[in-house]
Asker: 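Encoded as structure tokens, here's the structure I'll be asking about.
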Amino acid sequence: MRGSLAGPRVLLRRLREIMAEPISAQDRLDKIVAQIAANMVAEVCSVYVLRADDVLELYATEGLNRSAVHHAGLRVGQGLVGLIASEARPLNLQDAQSHPSFAYLPETGEEIYNAFLGVPILRAGRTLGVLVVQNRAHRTYYDEEVEALQTTAMVLAEMIAVGELQGLARPGTSLDVKRPLSLKGTPLSDGIALGHVVLHEPRVVVTQLLAEDSDKESRRLEQAIANLRLSVDDMLSRDDIAPAGEHRDILEAYRMFAYDRGWVRRMDEAIQNGLSAEAAVEKVQSDTRARLQRQTDPYLRERLHDFDDLANRLLRELMGKSHGPDGGSLPKDGVIVARNMGAAELLDYDRSRLRGLVLEEGGATSHVTIVARALGIATIGRAANIVSLVENGDPIILDADTGEAHVRPPADVEAAYAEKVKFRAKRQAQYRLLRNKPAVTLDGHRVSLNMNAGLLVDLPHLVEAGAEGIGLFRTELQFMVASTMPRLDEQTALYEAVLKASGNRPVVFRTLDIGGDKVLPYMRMQPEENPALGWRAIRLGLDRPGLLRIQLRALLHAAGGRELRVMLPMVTEVGEIHRARALLERELTQLRRHGHKEPTRILLGSMLEVPALLFQLDSLMQAVDFVSVGSNDLLQYMTASDRGNTRVASRFDPLSRHFLRTLARIVEAADRHETHVTLCGEIASRPLAAMALTGIGFRSLSMSAAAIGPVKAMLLALDVGRLKAVLDPMLALDDGGDGVRAALTAFAESEGLPI
Ligand code: PEP
Ligand code: MG
């Protein structure tokens, strides 16, 4: 029977001709099935397309009753066709009717056929339909025939994905590729975005599926694989990659796959069947995806990503495209979907066309998140597998308040969100009305509300949000988004611009907080076992005073003729402040010597984010002009839970008794020494937490610009005396339990506070 296959190459050539004919989609489909049947000497060839209601509808057939087309259908999991769709793998049977899953559809007249070969129609590992051939004779189809049918299915996958068959759907039904999909991730930056998907690293779209000269395609594949292997080896040999850790694991997995002989052999076989090298990569990738997706082992499922990345890299090699983002054409309401990305890559996009960001990875305090927040872009993270579930241009609604992404949303969801957006706009307008109103509580306590910033793009928010000043300017962001170390003049220019935009409002510049998770790609650092506990921030600044001195010089230059506030990150011992002050004095002397205009006043402050400082509170308060509590790090170090690790990051509540008591002690010490104290961690951005902070005595907070309105609205309705009557006894208790958050929530509700 081997001779029954007149060669997949001939079949593909004929299909290519059919694809080019100016005929209707149904005619094209009819011709395709007729051609496949003729080529494979099969009496039947049928195409089933998956609808959004999980039914595989018969779309075309050669050999079965034509009247069943668009009438007959099987559910996913039902019958042999349904089994192929649910398992996403071929089924090759000599005697179909004796298979336990066989389901007879009387309208098709298929009872007379015995041999059955069906393959899933796959795209990026998703099943879009099933392609079947049948023969009366009891025969088994050869592996080459299975392979050929799978290859042919790719052509159909393309037709379905580009929407060519959409118009053929029965009225009231729609195809699965257009099925609405809702995913739950983690909210990272508040907001609601209605827009269209832009894949950050779009799957390379293979347009040339078929190729005449297989030898040439084989050689192209061979060359591309050689290049790919070289680039993976190269990445692994770079000494800025830590000897252990997630990044290296991924690269090791890449290397393993890149050298996998089975992978290369399968691609080569596909080329021999007439596919172009690109289509061969895509086909094998689709098969692998479908196989791995069925795995229950989480490690193997996780490897799916690595396979995807590697296949995409290989496609880019073949097509001569560079790796990296394709920031190019952006719709006017783009929602970027990415596995992960760096802060600088996000900034490459045109902000005015960006509505939202969805990441498969990404943590609340990762840099891309910090930048997304600064840009006011609705963002969610941990959206599992989203990259493979969407297509460029799909409509999407992002609810970053709840962490939900609705892809291809149905009309009612869209309408509900249009309402929600209107409501938010109304609330924003109310916040704008409060913009110039001081935040004074009902019983007369004034709280200074400042904003956190780090980039020029943040600055317009200062006025828009009505911030009293910049409580934390993260200077490291300029360093993190640059491709080379910013020079003295570049640093000075940024600080000048910030001061200019701030007018008379105070700005607190925090000196470089790099190291730990804040890596500079161009700075070679010794690998560290525990970077969060490593050589970072002020430690690095004092050991390599060159870097810190240049930054201090830039700050002094920029602040000539006005007040300068400088803050030191990750201080662990008061002695570090004295050493930093000495560096600042030295720079000031130099400044004077060169006749530059000096600042009218210099205030030096310290972050309080390392628990060791809690035991030096009195000397700390005496050593500085102001203190700012970095609750993100303080909580991370006090509870020994990595702030970037989503499994533990939310395990310990900042509104727990022990943490609030700690913060209260800081305020007491600051009051004793009349040292200004503020808090600039993420918790200040949450109205309920800001209420608690006010209750324990904070009168200055710094937060994301978007949080100022909601926090101010809460404060204007708050009576601190009444709050303290509830909070103080709770904090004094020592019953081993907690419940502070619950009590605060109940208080806020009973007082009608907007939280
Ligand atoms: C903090 O640790 O709370 C803080 C504000 O600093 P960063 O988030 O930049 O570490
Ligand atoms: Mg910190």
Side-chain angles (χ1 to χ4, degrees), residues 188-189 343 362-374 449-455 458 467 469-481 507-520 530-541 551 565-572 576-577 605-614 626-645 649-650 652-655 659-660 662-663 666 677-686 689-690 692-693 698 700-705 707-708 711:
L188 295 181
S189 167
T365 48
S366 68
H367 310 129
V368 66
T369 307
I370 290 174
V371 172
R373 261 190 226 131
L449 300 183
N450 301 275
M451 69 175 242
N452 295 344
L455 296 164
D458 291 322
I470 296 180
L472 167 65
F473 191 88
R474 292 180 164 104
T475 60
E476 62 274 9
L477 290 189
Q478 182 190 22
F479 286 68
M480 278 157 53
V481 300
V507 179
V508 176
F509 289 99
R510 182 174 72 184
T511 61
L512 275 181
D513 186 11
I514 47 172
D517 62 331
K518 297 172 180 170
V519 250
L520 305 185
N530 285 304
L533 307 179
W535 193 56
R536 50 180 302 194
I538 191 68
R539 301 169 186 183
L540 194 151
Q551 183 173 37
R565 298 185 187 207
V566 180
M567 176 158 74
L568 308 169
M570 299 296 298
V571 171
T572 311
E576 291 166 334
I577 300 170
S606 169
M607 291 285 289
L608 201 171
E609 48 189 349
V610 179
L613 269 194
L614 295 170
F626 62 93
V627 162
S628 185
V629 180
S631 53
N632 303 339
D633 277 318
L634 189 58
L635 188 69
Q636 135 163 295
Y637 293 123
M638 273 185 59
T639 58
S641 52
D642 181 349
R643 62 193 258 186
N645 177 343
S650 54
F652 302 104
D653 189 355
L655 296 191
F659 197 60
L660 288 178
T662 307
L663 298 178
I666 298 171
V677 64
T678 184
L679 184 143
C680 62
E682 287 305 313
I683 57 166
S685 297
R686 308 269 161 224
L693 295 171
F698 279 93
S700 171
L701 299 171
S702 193
M703 61 197 73
S704 61
I708 290 183
V711 168

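Atoms within a ligand are numbered from 1 in the order they appear, just like the ligands themselves. We're numbering straight along the sequence, starting at 1. Below, all heavy atoms of this structure are taken into account, side chains as well, without hydrogens, waters or symmetry copies.
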Asker: Please name the atom of Glu609, restricted to N, O or S, that is closest to the Mg ion (ligand 2).
Answerer: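 Looking at Glu609, the N, O or S atom with the least distance to the Mg ion (ligand 2) is OE1.
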Asker: Heavy-atom contacts with Gly681 under 4.0 Å: which atoms of ligand 1 show up? List them by number with element.
Answerer: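 Matching atoms, with element in brackets: 3 (O).
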Asker: Can you name the atoms of ligand 1, numbered from 1 with element, that are less than 4.0 Å from a heavy atom of Arg510?
Answerer: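 Counting from 1, the qualifying ligand atoms are 4 (C), 6 (O), 7 (P), 9 (O).
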Asker: Select the closest option to atom 2 (O) of ligand 1 among Met703, Glu609, Met570, judged by heavy-atom distance.
Answerer: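 Considering heavy atoms of Met703, Glu609, Met570, the nearest to atom 2 (O) of ligand 1 sits in Glu609.
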Asker: Using side chain to side chain contact (heavy atoms under 4.5 Å, CB included) as the criterion, point out the one residue from Val507, Asn450, Asp458, Asn452 that pairs with Ile470.
Answerer: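 Considering Val507, Asn450, Asp458, Asn452, a side chain to side chain contact (heavy atoms under 4.5 Å, CB included) with Ile470 is found only for Val507.
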Asker: Between Arg510 and Glu476, is there a side-chain heavy-atom distance shorter than 4.5 Å?
Answerer: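 A side-chain contact exists here, since the closest heavy-atom pair is under 4.5 Å.
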Asker: Quick check against the 3.5 Å criterion: does Arg536 have a side-chain atom that pairs as donor or acceptor with the backbone of Pro531?
Answerer: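 Side chain of Arg536 to backbone of Pro531: no pair is present.
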Asker: Ignoring hydrogens and angles, tell me if any N or O in the side chain of Thr678 forms a donor-acceptor pair with the backbone of Ser700 under 3.5 Å.
Answerer: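 Yes; at least one donor-acceptor contact below 3.5 Å.
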Asker: So which of the N, O or S atoms of Asp633 lies nearest the Mg ion (ligand 2)?
Answerer: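 Nearest N/O/S atom: OD2.
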Asker: Keeping the roles fixed (side chain from Ser702, backbone from Met451), state whether a donor-acceptor pair exists under 3.5 Å.
Answerer: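 Indeed, once roles are kept as given, a pair shorter than 3.5 Å links the two residues.
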Asker: Touching ligand 1 at all, Gln636? Heavy atoms, strictly under 4.0 Å?
Answerer: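 Judged by the 4.0 Å heavy-atom criterion, Gln636 does not count as contacting ligand 1.
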Asker: Measure from atom 10 (O) of ligand 1 to every heavy atom in Arg643, Arg536, Glu682, Met607 and give the option owning the shortest one.
Answerer: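 The residue whose heavy atom sits nearest atom 10 (O) of ligand 1 is Arg643.
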Asker: Looking at Gly630, which atoms of ligand 1 are within less than 4.0 Å of one of its heavy atoms?
Answerer: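 Once the distances to Gly630 are compared, the set is 1 (C), 2 (O), 3 (O).
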Asker: Taking Gln551 for the side chain and Leu512 for the main chain, is one N or O donor matched with an acceptor at less than 3.5 Å?
Answerer: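 Pair found, side chain donor or acceptor close to backbone of Leu512.
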Asker: Hey, which atoms in ligand 1 end up nearer than 4.0 Å to a heavy atom of Leu472?
Answerer: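 Per the distance check, 5 (C).
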Asker: Can a salt bridge be assigned to the pair Glu682 and Arg373 using a cut-off of 4.0 Å between side-chain N and carboxylate O?
Answerer: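 Counted as a salt bridge, because a side-chain N and a carboxylate O are separated by less than 4.0 Å.
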